[in-house]
Amino acid sequence: MGQSKEEKVHHVFEKIYGNYDKMNSLISFKQHIKWRSATMAKMNIPRGTKALDLCCGTADWTIAMAEQAGPEGEIYGLDFSKNMLKIGEEKVNKLNLQQVTLLHGNAMELPFEDNSFDYVTIGFGLRNVPDYMQVLKEMNRVLKPGGMAVCLETSQPTMPVFKQGYQLYFRFVMPVFGKLFAKSFKEYSWLQESARDFPGMKQLEEMFKAAGFKNVSYKAHTFGVAASHYGTKSN
């Protein structure tokens, strides 16, 4: 029997963790940092916020939220790759961010009570879960009424020519980068597949609504190669 998507993704991230940050910057030409900053500007996180970062990986977004929430905040990062979390723990400890807790867990079954968080985020992780809707519903469940869910993810450009160029880059160039710089051709081939198969912006907007979110909106980044989606939980 072949591997399930969950098993395959777990293997990928347990293998590439050591080069993950470097490769993110290389593959996106460091644009992912700008995309996250633009996303957080709209989130406008106040001091003392309680937030959860799903599929947190090496914890960059978790840390960024903790810095905005301040020492009185309460920020959780959750990921199912222990190796990725190990890198995240090193960063958190180096910065002495006592308001951060990193947890090993599954985004499909969150170990939190209903109505627990002001914000729930997921950055470049939704495309890798087995069931997108299940994760969106879990995000909605653990949010407080009026809380905000945010997804920053690769998307599908629609502009002719640019769209074709993007697809060629993801399909052929990115796996070669993985081979050259991370010795992980097969793993980066899988990551481009998961990005290629991920819903477009409009479709993901409809999924947010179907998961129970209100005031759903999105913003495209860099001609649509990525997008931020926002939704709030009903009061």
Determine whether a donor-acceptor pair (N or O, by modelled atom type, separation under 3.5 Å) exists between the side chain of Arg141 and the backbone of Leu136. no
Find out whether Leu126 and Leu204 are in side-chain contact, i.e. whether some heavy atom of one side chain is under 4.5 Å from a heavy atom of the other. yes
When rounded to the nearest 0.5 angstrom, what is the spacing between CG in Leu97 and CE in Met65? 12.0 Å
For the backbone of Ile33 and the side chain of Ser37, can you confirm whether one donor and one acceptor N or O come within less than 3.5 Å of each other? yes
Enter the distance from Thr232:OG1 to Asn140:CG here, rounded to the nearest 0.5 Å. 9.5 Å
Would you confirm whether Gln99, through its side chain, and Glu74, through its main-chain N or O, come within 3.5 Å as a donor-acceptor pair? no
Is it true that a side-chain atom of Lys50 and a backbone atom of Gly73 form a donor plus acceptor pair closer than 3.5 Å? no
Looking at Lys214, I want to see if its NZ is surrounded by more than 12 non-hydrogen atoms of other residues, nucleotides or ligands under 6.0 Å. no
Output yes when a side-chain donor or acceptor of His104 lies under 3.5 Å from a complementary backbone atom of Ser81, and no otherwise. no
Any side-chain heavy-atom pair from Val120 and Ile122 closer than 4.5 angstrom? no
Taking the side chain as every heavy atom from C-beta outward, state whether Asn128 and Phe80 have any pair of such atoms under 4.5 Å apart. no
State, to 0.1 Å, how close Val129 and Cys55 come at their nearest heavy-atom pair, and which atoms those are. CG1-SG, 4.3 Å
Is the closest side-chain heavy-atom distance between Phe213 and His229 below 4.5 Å? no
Please check if any side-chain donor atom of Asp118 sits under 3.5 Å from a side-chain acceptor atom of Thr49, or the reverse. no
Give, for atom CG of Leu78 and atom OG1 of Thr101, the distance between the pair rounded to the nearest 0.5 Å. 11.5 Å
Got a donor-acceptor contact below 3.5 angstrom from the Glu138 side chain to the Leu110 backbone? yes
Under 3.5 Å, is there a donor-acceptor pair linking the side chains of Lys42 and Ser217? yes
On a heavy-atom basis, which atom in Tyr132 and which in Asp197 lie closest, and how many Å separate them? OH-O, 4.2 Å
Whether over 12 other heavy atoms sit under 6.0 Å from Lys209 NZ: yes
Is the shortest heavy-atom distance from the side chain of Glu153 to the side chain of Ser228 under 4.5 Å? no
Spell out, as yes or no, whether a donor-acceptor pair under 3.5 Å connects the side chain of Asp79 to the backbone of Cys56. yes
Are Leu103 and Met139 joined in one hydrophobic group, where the rule is that I, L, V, M, F, W and Y side chains link up if heavy atoms are under 4.5 Å apart? yes
Interatomic spacing from CD in Glu90 to CG in Leu95 - rounded to 0.5 Å: 12.0 Å
Ignoring hydrogens, what is the shortest heavy-atom contact between Met201 and Gly224? Give both atom names and the distance. CE-CA, 3.7 Å
Exceeds 12 heavy-atom contacts within 6.0 angstrom, atom CD of Glu72: yes
Evaluate the side chain to side chain contact (heavy atoms under 4.5 Å, CB included) criterion for residues Lys202 and Glu205: first the C-alpha distance (whole Å), next the side-chain angles of each, then the deciding distance (0.1 Å), finally the verdict. CA-CA 5 Å; Lys202 282 282 186 191; Glu205 179 186 36; 3.8 Å; yes
Judged by atom type as modelled, is there a donor-acceptor pair below 3.5 Å linking the side chain of His221 to the main-chain atoms of Ala227? no
Would a 4.5 Å heavy-atom cut-off, applied to side chains only, mark Ser155 and Val225 as touching? no
Taking Thr39 for the side chain and Trp35 for the main chain, is one N or O donor matched with an acceptor at less than 3.5 Å? yes
Is any side-chain heavy atom of Thr121 closer than 4.5 Å to one of Leu152? no
Does any non-hydrogen side-chain atom of Tyr119 lie less than 4.5 Å from one of Ile45? yes
Tyr76 side chain to Asp53 main-chain N or O, any donor-acceptor pair under 3.5 Å? no
Euclidean distance, Gln156 CD relative to Gln203 CD, rounded to 0.5 Å: 9.0 Å
Taking the six-membered ring of Phe117, is the NZ or CZ of Lys144 close enough (under 6.0 Å from the centre) and on axis enough (within 45°)? no
For Gln98 and Asn96, work out which heavy atoms get closest and say how close. NE2-OD1, 2.9 Å
